[in-house]
A.B. asks: 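Following this message is one structure expressed as structure tokens.
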Number of protein chains: 2
Amino acid sequence: MMKFSKKLEYALIALVYMSQRGEEQLTTSREFAGQFNIPQEVAGKVMQSLARKNFIRSVQGVKGGYQLATNAGEINLAELINAVDGPFTVVGCMSQEEESCGCDQHDYCNIRSSMSLIHNRIMAFFRSITLKDILSRRIAGLSGESFPVHFDRLLNPTDIK
Amino acid sequence: MMKFSKKLEYALIALVYMSQRGEEQLTTSREFAGQFNIPQEVAGKVMQSLARKNFIRSVQGVKGGYQLATNAGEINLAELINAVDGPFTVVGCMSQEEESCGCDQHDYCNIRSSMSLIHNRIMAFFRSITLKDILSRRIAGLSGESFPVHFDRLLNPTDIK
DNA sequence: GGTAAATCGGACAATTTTTGTCCGGTTTTC
DNA sequence: GAAAACCGGACAAAAATTGTCCGATTTACC
Ligand code: FES
Ligand code: FES
């Protein structure tokens, strides 16, 4: 329940992968798919989504591929989710159309305002996580200490196994 | 993507509904389902899940029903999600079995450690939201001011429409 | 100029997850 | 003993996710 979609996983993996190669390096969807055992066509679509939002730059033709955008480090998880999965809503009624949230009828919805708060809060969290954060976490991860400040502040120590 | 399940919505609506009636009041699954236009059987199952975790107390037989547990206000969203939907994981590899997260092969997963941090962070957030919070938000909601401290601190003002 | 390798994009098929239904059982009141 | 409630498993329907197919366009290179 509430899992991230594969598309989002793929997008993150792709961005991290591309970040760890030269800035100028072109990455082809075939190569990326091969490295991580992802179906080529799916990898292709995901990268197309990213290109459409200018998170990466596409170069067509043979010898083409994708290249990380200049300040890709600043793109955040909320934008990313929106790019690959479309608008995110914890609960139906949050996407302009107010109809059909599921809980209609009678008294009218009990929990709508609270859901809205939770929705906003999660959005804010996603917005606060940048690709740079994700990258630095990976690098700092093995040292057992010195997590990026960002995560340090957010993470409850008792959560770490 | 990443929407809360209907079961979770129903559970929340049920708990809020029951909270807003007398403490001693019994609520039947049929009645609840009727009030909110939810399929009876589904409403029943959800309430059974809640009863199994002792969030509500069940009374059998005709004239039976469900009754809010004594300190139901303290139950939090994480427990609730676990009760109705089973364990929550933002990404497959977080549930003891390390196999089949989806992104296997080669270099090994790029983003696993970051995903783990995000997972823990979201869990902590869900744990921090109690039924009482949800209730008080609803009551305070119409006043336009004085949100519960809890939410006030968490919410980015620019998120409110 | 032709071929191959790449990005594009739509339609669609397969799979999985979510959601809802059915049915028979147990407990309890009247 | 009948009716109304909780209980729980199996299953069916619907929706969402995930993956596949096919054809089109762009471009490097021979
Ligand atoms: S109407 Fe959207 S949460 Fe109930
Ligand atoms: S292996 Fe779990 S996030 Fe990739």
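Labels below follow one simple rule: chain letters A, B, ... track the order of the sequence lines, proteins then strands, and each chain is numbered from 1.
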A.B. asks: Taking only the side-chain nitrogens and oxygens of B:Ser58, find out if one of them lies under 4.0 Å from OP1 or OP2 of D:dA5.
C.D. replies: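 It does not, given that no N or O in the side chain of B:Ser58 lies less than 4.0 Å from OP1 or OP2 of D:dA5.
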A.B. asks: Report the nucleotide, chosen from C:dA4, C:dG9, D:dA3, that has the shortest atom-to-atom distance to any side-chain atom of A:Gln48.
C.D. replies: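 Nearest listed nucleotide: C:dG9.
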A.B. asks: Identify whether NZ of Lys or CZ of Arg in B:Arg57 sits under 6.0 Å from the centre of the six-membered ring of B:Tyr66 and within 45° of that ring's axis.
C.D. replies: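 No - B:Arg57 does not lie over the ring of B:Tyr66 by the 6.0 Å and 45° rule.
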A.B. asks: In terms of relative ring orientation, are A:His119 and A:Phe88 parallel, tilted or perpendicular, with 30° and 60° separating the classes?
C.D. replies: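 A:His119 and A:Phe88: parallel rings.
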A.B. asks: Does any non-hydrogen side-chain atom of A:Ile118 lie less than 4.5 Å from one of A:Met115?
C.D. replies: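 Contact flag for A:Met115/A:Ile118 side chains = yes.
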A.B. asks: If only side-chain N and O atoms of B:Arg30 are considered, is one of them under 4.0 Å from the OP1 or OP2 phosphate oxygen of D:dA4?
C.D. replies: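 For D:dA4, OP1/OP2 do not have a side-chain N/O of B:Arg30 under 4.0 Å.
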A.B. asks: Would you say A:Glu24 and A:Gln67 make side-chain contact, with heavy atoms under 4.5 Å?
C.D. replies: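 Yes. Closest side-chain heavy atoms under 4.5 Å.
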A.B. asks: What does the list of N/O pairs under 3.5 Å between the protein and nucleotides 20-24 of chain C look like, with a distance for each?
C.D. replies:
{"from": "C:dG20", "atom 1": "OP2", "to": "B:Tyr10", "atom 2": "OH", "distance (Å)": "3.2"}

A.B. asks: Given the side-chain rings of B:Tyr10 and B:Phe32, with only the six-membered ring counted for Trp, is the space between their centroids under 6.0 Å?
C.D. replies: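 Ring centres of B:Phe32 and B:Tyr10 not closer than 6.0 Å.
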A.B. asks: Kindly say if A:Ser29 contacts the phosphate of C:dA6, meaning a side-chain N or O under 4.0 Å from OP1 or OP2.
C.D. replies: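 So the side-chain polar atoms of A:Ser29 never come under 4.0 Å of the phosphate oxygens OP1 or OP2 of C:dA6.
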A.B. asks: Using OP1 and OP2 only, check whether a side-chain N or O of A:Thr28 sits under 4.0 Å from C:dA5.
C.D. replies: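 No, A:Thr28 has no side-chain N/O under 4.0 Å of OP1/OP2 on C:dA5.
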A.B. asks: Under 4.0 Å between a Lys/Arg side-chain N and an Asp/Glu carboxylate O for A:Glu74 and A:Lys132?
C.D. replies: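 Yes, charged N to carboxylate O under 4.0 Å.
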